[in-house]
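From a predicted model like this one, the values you see are computed outputs, not experimental measurements.
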Amino acid sequence: MRERGSSPSRRGLLKGAVAATAAASLANFAAADQADAELLAMGRELEALEAQERIADEASDRLYEEASRSCPAPSAALLAYSWRGEPLFRASGEGYRLNSEPYGALMQRSVSWRDMGASENHYPEAPLIADLKRWEDGRRAACDANGCAAVMAEMDRLARAGTALCSRIAATPAATLDGMRVKLQALAYCHRGEPGDKSEWITEVINNTPPHGRGFTTDERLVYSVFHDVCAVLVAGGLNG
């Protein structure tokens with residue numbers, strides 16, 4: 001016959017089970033954190049890099065505007081040039097800015113003439129191209145003088161570092177939700193706040209739909225779904241929740 005009080009009580013057994021479960025859970029959390037320690041460190045590195053990029057971006061905008069105001073105005077011929085109703089230059093309080101579509105069209109016409117055998121200075125748009133080069137040289141000199149060029153070079157360096165870091169994040173398996181959050185953070189960084197291109201995605205779907213392609217598997221459809229959802233969340237306010 002056992003002595004009174006020698007057998008463990010139900011309450012004592014429950015306390016012991018709870019303590020054991022809690023200890024096991026803490027051990028599992030610690031192991032999971034350890035498993036994703038590299039990813040979490042890369043997430044902090046990406047946050048720091050993004051902060052540096054924001055500072056450099058603000059500085060480059062300010063310095064570029066200063067340089068634009070100080071460089072010579074485009075020639076009358078450049079200011080008169082337009083493509084499909086869009087002027088080559090837009091004037092504002094920050095000086096003159098190139099309009100990307102007319103600029104691209106002008107460059108393409110120059111390439112087309114040279115592809116057809118025209119010499120460098122003997123085609124209709126050649127004087128415009130020469131004027132544009134002089135204006136760009138003046139803007140470049142102004143950017144060099146006020147430090148804008150140096151800041152833009154730093155932005156390029158940070159962008160290359162961000163691309164390399166995101167490649168490392170992509171190559172590192174995630175074992176926890178926090179690790180997955182780092183991967184989503186990297187995806188958001190790569191898209192810079194822009195939503196995914198739905199038309200490009202639709203083209204991809206068509207190209208992979210039988211009989212033209214093998215078709216998407218469920219996991220591939222889920223990957224595309226996550227991709228577009230992350231882009232939408234980012235545009236709506238980020239991944240801070």
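Two residues are said to be in side-chain contact when any heavy atoms from C-beta on lie closer than 4.5 Å; T176 and R181 fail this criterion. When side chains are defined from C-beta on, D36 does not count as touching D178, because their heavy atoms never get closer than 4.5 Å. Counting only heavy atoms from C-beta outward, the side chains of R44 and V182 never approach each other to under 4.5 Å. Within the 4.5 Å cutoff, no side-chain heavy atoms of E47 are placed close to those of Q52. Contact of the S60 side chain with the M155 side chain is registered, since non-hydrogen atoms from C-beta on lie closer than 4.5 Å. The side-chain heavy atoms of L88 and L79, taken from C-beta on, include no pair separated by under 4.5 Å.
A salt bridge does not link D57 with R54: none of the charged nitrogens is closer than 4.0 Å to a carboxylate oxygen. The pair R134-D131 meets the salt-bridge criterion, with a side-chain N (NZ, NE, NH1 or NH2) lying under 4.0 Å from an Asp/Glu carboxylate O. Note on E136 versus K133: no salt bridge recorded, every NZ/NE/NH1/NH2 to OD/OE distance being 4.0 Å or above.
Counting heavy-atom neighbours within 6.0 Å of W113 CH2, excluding the residue itself, gives a total of 12 or less. Open room surrounds CE on M152; 12 or fewer heavy atoms of other groups in view lie less than 6.0 Å from it. Remark: E101 CD is loosely packed, at most 12 non-hydrogen atoms of other residues, nucleotides or ligands lying under 6.0 Å away. Counting non-hydrogen atoms of other residues, nucleotides and ligands closer than 6.0 Å to CE of M180 gives a total of 12 or fewer.
A distance of 11.5 Å separates CZ in R139 from CG in D144, rounded to the nearest 0.5 Å. Interatomic distance, CG of L46 versus CG of L165, reported as 5.0 Å (0.5 Å rounding). Rounding to the nearest 0.5 Å gives a distance of 10.0 Å between CG of L184 and CG of L177. Atoms OG and CZ, on S82 and F89 in that order, are 13.0 Å from each other to the nearest 0.5 Å. Between the CD atom of E125 and the CD atom of Q108 there is a distance of 11.5 Å, given to the nearest 0.5 Å.
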For this session: List the steps and the verdict of side chain to side chain contact (heavy atoms under 4.5 Å, CB included) for M107 and L132.
Result: CA-CA 10 Å; M107 292 298 101; L132 186 57; 3.7 Å; yes
Exercise. Taking it one step at a time, do E65 and R97 satisfy side chain to side chain contact (heavy atoms under 4.5 Å, CB included)?
Worked result: CA-CA 9 Å; E65 289 175 3; R97 285 184 178 266; 3.8 Å; yes
For this session: Please lay out, stage by stage, how T163 and C166 fare under the test side chain to side chain contact (heavy atoms under 4.5 Å, CB included).
Result: CA-CA 5 Å; T163 299; C166 287; 5.9 Å; no
Exercise. Can I169 and Q185 be said to form a side chain to side chain contact (heavy atoms under 4.5 Å, CB included), step by step?
Worked result: CA-CA 10 Å; I169 290 171; Q185 176 189 354; over 6 Å; no
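Looking only at distances, no side-chain donor or acceptor of W135 sits under 3.5 Å from a matching main-chain atom of A73. E86 places no side-chain N or O within donor-acceptor distance of the main-chain N or O of N99, the cut-off being under 3.5 Å.
There is no side-chain donor-acceptor pair under 3.5 Å between S68 and Y96. A side-chain donor-acceptor contact under 3.5 Å links E53 and Y189. Side chains of Y123 and R109: no donor on one and acceptor on the other come within 3.5 Å. No side-chain donor-acceptor contact under 3.5 Å links R168 and T172.
Scanning all heavy atoms of the two residues, the minimum distance from H122 to A126 falls at N-CB, 4.3 Å. Annotation for L39 and G179: closest pair CD1-O, 3.9 Å, computed over non-hydrogen atoms. Here the closest heavy-atom approach between residue S70 and residue A142 is recorded as OG-CB, 3.7 Å.
Both M116 and L128 are assigned to one and the same hydrophobic cluster, defined by single-linkage of ILVMFWY side chains at heavy-atom distances under 4.5 Å.
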